[in-house]
Amino acid sequence: MSPPQDIRATPSNSERAVSTSFGQQLSTSPSAAFHTPTASQGSWPGHLVQRAASEKQLKPFNTQDVKILLLENVNKSGQEILKKQGYQVEALKTSLPEDELIEKIKDVHVIGIRSKTKLTEKVLSKANNLLVVGCFCIGTNQVDLDYAARQGIAVFNSPFANSRSVAELVIAEIIVLARQLGDRSNEMHRGTWNKVSAKCWEIRGKTLGIVGYGHIGSQLSVLAEAMGMNVIYYDVVTLMALGTARQVPTLDDLLNEADFVTLHVPDLPETRNMISTKQFEQMKTGAYLINASRGSVVDIAALIKAMNGGKVAGAALDVYPHEPAANGDYFNATLNSWGDELRNLNNIILTPHIGGSTEEAQRAIGIEVSEALVRYINQGITLGSVNLPEVQLRSLTLEEENTARVIYIHKNVPGVLRRVNEILGDHNVDKQISDNRGDVAYLMADISKVQVGEIKDLYESLEGLSSRIATRVLY
Ligand SMILES: NC(=O)C1=CN([C@@H]2O[C@H](COP(=O)(O)OP(=O)(O)OC[C@H]3O[C@@H](n4cnc5c(N)ncnc54)[C@H](O)[C@@H]3O)[C@@H](O)[C@H]2O)C=CC1
Ligand SMILES: O=C(O)CCC(=O)C(=O)O
């Protein structure tokens with residue numbers, strides 16, 4: 001049997017080779033299309049994505065064989081990059097129910113998702129061929145990152161390409177809430193003229209309390225100050241204040257002082273129901289709450305009570321504990337038990353998780369994540385991975401003949417490098433790098449003077465080590 005052009009296996013299934021085709025080997029095409037993001041598309045350093053003229057494009061396997069499933073309407077910008085590589089791309093507009101997802105994921109090498117698709121251990125354990133997950137969004141809470149790493153499945157996201165879009169949405173919501181614009185607009189749609197100024201405010205001079213001063217929170221801080229707001233923030237990390245913003249030591253301090261409280265924390269055990277009855281009591285009477293982070297962060301039943309009791313004067317929610325998989329008339333009491341009560345409140349803006357949904361953000365995310373996927377599939381580079389150590393090696397060049405790149409994902413236990421190098425030692429190891437993240441380590445080595453016929457032996461020797469999680473050989 002001919003040796004595979006790219007071979008990968010995991011402990012659970014040593015036969016899960018991605019392809020056994022060996023026909024189009026030793027591709028030397030220098031024409032791979034990498035796109036350097038513009039400033040507005042993210043800041044991946046240009047030297048990492050632009051290939052030098054003599055750089056050898058590693059084709060991991062017959063690229064027709066790479067099967068990619070994109071869910072949740074991933075932007076065309078990303079789809080095009082993947083298709084240009086010759087990969088087989090199936091793009092669906094929605095996420096899938098768990099049973100359908102399990103059926104589909106069995107076959108694919110790459111899956112692209114947004115915030116709705118839950119890649120749990122149960123789902124990932126059925127993904128026999130999966131190399132890599134692309135989250136075309138910021139949040140990665142929908143993926144079991146540790147389990148994926150232990151299976152040798154890399155996960156990438158786009159850490160800040162939609163941050164500005166979220167920050168702008170929140171700015172809009174602050175004014176809409178302060179002026180009760182949602183209610184006035186709804187009344188006019190029903191034919192009611194209701195010209196009032198009671199409890200309608202300017203935002204100038206009011207205090208915005210930002211919980212979570214990361215990419216979105218800090219961007220929002222700058223915009224809010226430009227509109228004359230005072231900004232305070234609470235974060236578990238001590239962070240440099242932008243402008244004249246001020247970090248406060250506790251969440252209660254922020255709740256006591258802020259006229260508008262806005263949440264920008266990730267979904268973590270510590271942030272679940274972070275804003276509940278006790279926290280609403282700490283807020284100023286007549287304050288407003290905005291949540292465009294994750295639905296788990298606010299106890300909605302407690303919010304409904306706080307609004308009915310007059311403690312909270314208005315709220316804007318973009319995210320919910322249960323969100324439907326597709327567009328349609330699904331936002332009701334079946335989806336979330338309090339659905340009807342929430343919809344009947346005054347001065348509440350409800351949006352369908354659109355914080356990052358702008359043309360600019362989706363285009364930039366499509367490009368950024370797809371490029372990371374291509375780098376990983378074709379070259380094994382893990383820069384930007386959220387669950388594997390970040391590893392990069394200078395590219396192989398066309399001048400270097402009979403070279404191969406070996407990628408060995410393994411358990412982080414003593415003695416592995418010695419054993420791997422005993423195997424690689426029969427060849428010329430030109431360069432090598434290894435790093436670990438928790439229990440998982442990632443080794444990448446470029447070897448020369450390796451004949452095509454020797455690659456199968458090399459692969460099988462690495463696969464035979466007890467430390468092996470997954471092996472790939474690219475050339
Ligand atoms: N509505 C939407 O469409 C979108 C929602 N998001 C959500 O917004 C979240 C925040 O996004 P980024 O600002 O990009 O994240 P980030 O990681 O840049 O910032 C999060 C900040 O929260 C802080 N933090 C973590 N735990 C905390 C705690 N218990 N108390 C206080 N601060 C805590 C972190 O130290 C960090 O500074 C994302 O994790 C995602 O879930 C992101 C993009 C779009
Ligand atoms: O646009 C999406 O689908 C998800 C946005 C989001 O919540 C994120 O980027 O974390």
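One-based numbering, in listed order, for ligands and for the atoms of each. Quick caveat: nothing in here was measured; it's all calculated off a predicted structure.
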Checklist entry - Given the rule in the salt bridge (charged side-chain N to carboxylate O under 4.0 Å, His left out) test, do K116 and E323 qualify, once you have shown the distances and angles that lead to the verdict? => result CA-CA 8 Å; K116 305 249 179 335; E323 298 181 2; 3.5 Å; yes
Any salt bridge linking [X] with [Y]? Criterion: basic side-chain nitrogen under 4.0 Å from a carboxylate oxygen.
X	Y	value
D439	R150	no
E360	R363	no
E98	K118	no
E168	R164	yes

Checklist entry - Nearest heavy atom to atom 25 (C) of ligand 1: which of G212, P266, S357, P269 does it belong to? => result P266
Next on the checklist: Out of Q142, Q219, M274, who is nearest to atom 30 (N) of ligand 1 when you count heavy atoms only?
Outcome noted: M274
Below 4.0 Å, non-hydrogen atoms only: which portion of [X] touches ligand 1? Side chain, backbone, both or neither.
X	value
L251	neither
I216	both
V236	both
D235	both
R294	side chain

Item to check | Min heavy-atom dist D267 to ligand 1 below 4.0 Å | outcome: no
Item to check | Contact check, Y234 vs ligand 1, heavy-atom distance below 4.0 Å | outcome: yes
Starting from [atom], locate the nearest protein heavy atom and write down its residue, its atom name and how far away it is, to 0.1 Å.
atom	answer
atom 7 (C) of ligand 1	S293 O, 3.5 Å
atom 44 (C) of ligand 1	V166 CG2, 3.4 Å
atom 9 (C) of ligand 1	V265 O, 3.7 Å
atom 5 (C) of ligand 1	A292 O, 3.1 Å
atom 10 (C) of ligand 1	H264 O, 3.5 Å
atom 38 (C) of ligand 1	I138 CG2, 4.1 Å
atom 3 (O) of ligand 1	G356 N, 3.1 Å
atom 29 (N) of ligand 1	T271 CG2, 3.6 Å

Checklist entry - Does the N or O separation between S163 and ligand 1 drop below 3.5 Å for any pair? => result no
Next on the checklist: Please check whether E270 reaches ligand 1 - meaning an N/O of the residue sits under 3.5 Å from an N/O of the ligand, judged on distance alone.
Outcome noted: no
Next on the checklist: I need the minimum non-hydrogen distance between M444 and G380, along with the two atoms involved.
Outcome noted: SD-O, 3.7 Å
Measure the spacing between [atom1] of [X] and [atom2] of [Y] and express it to the nearest 0.5 Å.
X	Y	atom1	atom2	answer
L92	E90	CG	CD	5.0 Å
N141	L268	CG	CG	8.5 Å
N347	K199	CG	NZ	11.5 Å
C135	E72	SG	CD	9.5 Å
N75	F136	CG	CZ	9.5 Å
L96	E103	CG	CD	11.0 Å

Item to check | Output field: ring centroids Y213/Y234 closer than 6.0 Å | outcome: no
Item to check | Parallel, tilted or perpendicular: ring planes of Y442 versus Y376, cut at 30 and 60 degrees | outcome: tilted
Item to check | Where at least one partner belongs to residues 274-296, residue pairs that pass salt bridge (Lys or Arg N to Asp or Glu O under 4.0 Å), sequence neighbours excluded | outcome: D259-K284
What atoms in ligand 1 come closer than 4.0 Å to a heavy atom of [X]?
X	result
V237	35 (O)
D318	1 (N), 2 (C), 3 (O)
H353	1 (N), 2 (C), 3 (O)

Item to check | Proximal protein residues to ligand 2, non-hydrogen atoms under 4.0 angstrom | outcome: R114, S115, C137, I138, G139, N162, R294, H353, Q362
Item to check | More than 12 heavy atoms from other groups under 6.0 Å of NZ on K431 | outcome: yes
Checklist entry - Could any protein non-hydrogen atom be found less than 4.0 Å from atom 13 (O) of ligand 1? => result yes
Item to check | Test side-chain contact (heavy atoms from CB on, under 4.5 Å) applied to M229 and L220, I171, I203, the passing residue | outcome: I203
